[in-house]
Amino acid sequence: MEFTASQIASFIDGQIIGDESTVITGVSPIENGESGHLSFIAQDRFSHFLDTSKCSVIIVSEKLIDKDNYNPTLIVVKDAYLSFQVLMNLYQEMQGRKEGIETGSSIHDTALIGEKAYIGAFTYVSEKAKIGEGSQIYPHVYIGKGVKIGKNCKIDSGARIYDYCIIGDNCVIHSNTVVGGDGFGFQPTAEGFKKIPQLGNVIIEDDVEIGSNCSIDRATIGSTIIGKGTKIDNLIQIAHNVKIGQNNVIAAQAGIAGSTTIGDWNQIGGQVGVVGHIRIGNQVKIQAQSGVNSSVNDRETLYGSPAISYNDYLRNYVHFRNFTEIVRRINNLEDTSKDNTNE
């Protein structure tokens, strides 16, 4: 697609400095700009590219403008980062949505498929499953018995949604994620570990996005719940009966053990481990690679393993880095003390 600077500015309510008829045919990172491409600058540390970039059009935050003329055509906005996101979303919408049922898919007679939905080739939709209006189910997806998927969802190739799981509206589940696999429940006996049946399901509320290669286990009884607006990165394990509130973000390789409850608006870093049967409050920040083994109050910031207050961790770490020197000084003090005593 081709757009002029003037057209782009109209989408994001921007002011043009330069030639409004400049045409762009693609986008580039600002560090690797190309002629005929669009990019953006939102931070001062990239502002030198305003004079050196090869991009033809640059969206720039107004706070970075300090003169009247620049080499590329500029579109000046309040926040270039947010404006660029608006453009990307508009472009994605322009790509259109697929509709219809492709050859090679298998849909049970009792399944209900909403209007304008898309079912890709080699997808299997089980009995009594329901897929909402406009949802996109890509090839090689498995939809289990009694699954309910809301409107305008996107389920990427290779995802597996097990029996009776429920997915709300406007959700995205990326490739090879499994929703509703058995929770890790085994009872030790004299003969070995006996499997405990996992009879619950998973409920994913509206506007949730789940990355690729995640495992979200069904509850033993009841439901594992992912709250509205929560965003989950790739390679994450969420165990049975976990309840995650609204608008959380969880980074890659985190693991949350069974029956833990997490509140709203939390930020959980990569490779964080959370033990089972605890409660994490609201607006908590847990730094990457931390291990959380007890409940956490609202608005805490944690770091370390086991995780402690972030500020306490930083203060203690200063001493840890100097631990060898501290031990040497203590030894010297002890030697001096002995010498004084002997005198």
Side-chain angles (χ1 to χ4, degrees), residues 1-99 116 118 133-136 138 151-157 169-175 206-212 228-234 247-249 251-252 267:
M1 295 184 181
E2 293 186 356
F3 295 94
T4 65
S6 177
Q7 288 173 316
I8 295 168
S10 70
F11 295 146
I12 55 177
D13 195 25
Q15 302 298 314
I16 294 176
I17 298 178
D19 183 0
E20 65 179 21
S21 65
T22 302
V23 175
I24 66 104
T25 58
V27 295
S28 295
I30 194 64
E31 302 93 328
N32 307 111
E34 297 181 27
S35 178
H37 280 203
L38 171 75
S39 193
F40 74 98
I41 297 175
Q43 298 178 12
D44 184 64
R45 63 194 178 103
F46 295 110
S47 60
H48 62 279
F49 285 110
L50 289 171
D51 293 308
T52 61
S53 177
K54 294 181 181 178
C55 285
S56 297
V57 179
I58 299 175
I59 300 169
V60 59
S61 297
E62 60 186 17
K63 64 182 180 181
L64 302 179
I65 298 299
D66 59 8
K67 59 183 183 179
D68 296 328
N69 295 304
Y70 292 89
N71 184 41
T73 295
L74 303 185
I75 300 176
V76 182
V77 294
K78 185 174 182 180
D79 188 323
Y81 185 71
L82 292 179
S83 294
F84 197 73
Q85 287 185 53
V86 170
L87 287 179
M88 288 191 293
N89 285 323
L90 286 172
Y91 182 78
Q92 188 174 47
E93 291 174 9
M94 290 176 183
Q95 304 310 300
R97 287 173 169 263
K98 291 186 176 182
E99 295 182 16
K116 298 182 179 180
Y118 162 68
E133 179 181 344
S135 284
Q136 310 277 288
Y138 281 79
K151 299 177 182 178
N152 300 313
C153 292
K154 179 183 178 184
I155 314 295
D156 270 323
S157 300
D169 297 337
N170 308 310
C171 290
V172 177
I173 298 176
H174 289 279
S175 293
D206 297 347
D207 304 310
V208 170
E209 181 156 349
I210 300 171
S212 60
K228 181 178 180 179
T230 287
K231 313 301 181 187
I232 295 174
D233 200 358
N234 306 323
N247 298 305
N248 293 277
V249 288
Q267 299 176 33

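In the model, S28 has a side-chain atom that pairs as donor or acceptor with a side-chain atom of H37 under 3.5 Å. If you check the side chains of D79 and S61, you find no donor sitting under 3.5 Å from an acceptor.
In this structure, L64 and I41 have side chains that are in contact, with non-hydrogen atoms separated by less than 4.5 Å. The closest side-chain heavy-atom distance from I58 to I75 is not below 4.5 Å. Proximity of V76 to I17: side-chain heavy atoms (C-beta onward) are separated by under 4.5 Å at one or more points. A heavy-atom distance below 4.5 Å is not found between the side chains of N71 and D51. The side-chain heavy atoms of V249 and T230, taken from C-beta on, include no pair separated by under 4.5 Å. Residues S56 and P72 have side chains not in contact (no heavy-atom distance under 4.5 Å, counting atoms from C-beta outward). Side chains of V86 and L82 form no contact here, defined as non-hydrogen atoms less than 4.5 Å apart. Looking at Q43 and Y81, their side chains never come closer than 4.5 Å, going by heavy atoms from C-beta outward.
Taking every heavy atom of both residues into account, G33 and K54 meet most closely at O-CB, 3.5 Å. Residue D169 comes nearest to K151 through the heavy atom pair OD1-N, 2.8 Å, listed as atom of the first residue, atom of the second, then distance. The minimum heavy-atom distance between S83 and I59, with the atom names listed, is CB-CG2, 4.3 Å. Residues A5 and D19 come closest through the heavy atom pair CB-O, 3.9 Å. Scanning all heavy atoms of the two residues, the minimum distance from D207 to K228 falls at OD2-CE, 3.5 Å. Taking all atoms of both residues into account, the shortest heavy-atom contact from I24 to L38 is CD1-CB, 4.0 Å.
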Go through the steps to decide whether S21 and T4 satisfy the test side chain to side chain contact (heavy atoms under 4.5 Å, CB included), and finish with yes or no.
CA-CA 5 Å; S21 65; T4 65; 5.5 Å; no

F40 vs F46, test: ring pair (Phe, Tyr, Trp, His ring centres under 6.0 Å). Steps then yes/no.
CA-CA 9 Å; F40 74 98; F46 295 110; 8.5 Å; no

What's the verdict on side chain to side chain contact (heavy atoms under 4.5 Å, CB included) for Y70 and I65, showing C-alpha distance, side-chain angles and the deciding distance?
CA-CA 10 Å; Y70 292 89; I65 298 299; 4.1 Å; yes

Test side chain to side chain contact (heavy atoms under 4.5 Å, CB included) on Y138 and I155; report intermediate values, then the result.
CA-CA 6 Å; Y138 281 79; I155 314 295; over 6 Å; no

Given the rule in the side chain to side chain contact (heavy atoms under 4.5 Å, CB included) test, do V172 and H174 qualify, once you have shown the distances and angles that lead to the verdict?
CA-CA 6 Å; V172 177; H174 289 279; 3.5 Å; yes

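Note that the CD1 atom of I210 and the CD1 atom of I173 stand 4.5 Å from one another [nearest 0.5 Å]. The structure places CZ of F3 at 8.0 Å from OH of Y91, a figure rounded to the nearest 0.5 Å. Here E2 contributes atom CD and Q7 contributes atom CD; the two are 10.0 Å apart, rounded to the nearest 0.5 Å. To the nearest 0.5 Å, the span separating CD on Q136 from SG on C153 amounts to 10.0 Å.
The main-chain N or O of G134 is found under 3.5 Å from a side-chain atom of R97 such that the two form a donor-acceptor pair. A donor-acceptor distance shorter than 3.5 angstrom exists from the side chain of D233 to the backbone of A252, with no hydrogens or angles considered.
With a 6.0 Å cutoff to the six-membered ring centre and a 45° limit on the axis angle, K116 does not count as a cation-pi contact of Y118.
Shown here is E133, whose CD atom has more than 12 heavy atoms of other residues, nucleotides or ligands within 6.0 Å. Residue E209 places its CD atom among more than 12 non-hydrogen atoms of other residues, nucleotides or ligands, all under 6.0 Å distant. No more than 12 heavy-atom neighbours from other residues, nucleotides or ligands sit within 6.0 angstrom of CD on Q92.
Of the candidates L87, T73, T22, I8 forms a side chain to side chain contact (heavy atoms under 4.5 Å, CB included) with just one, namely L87.
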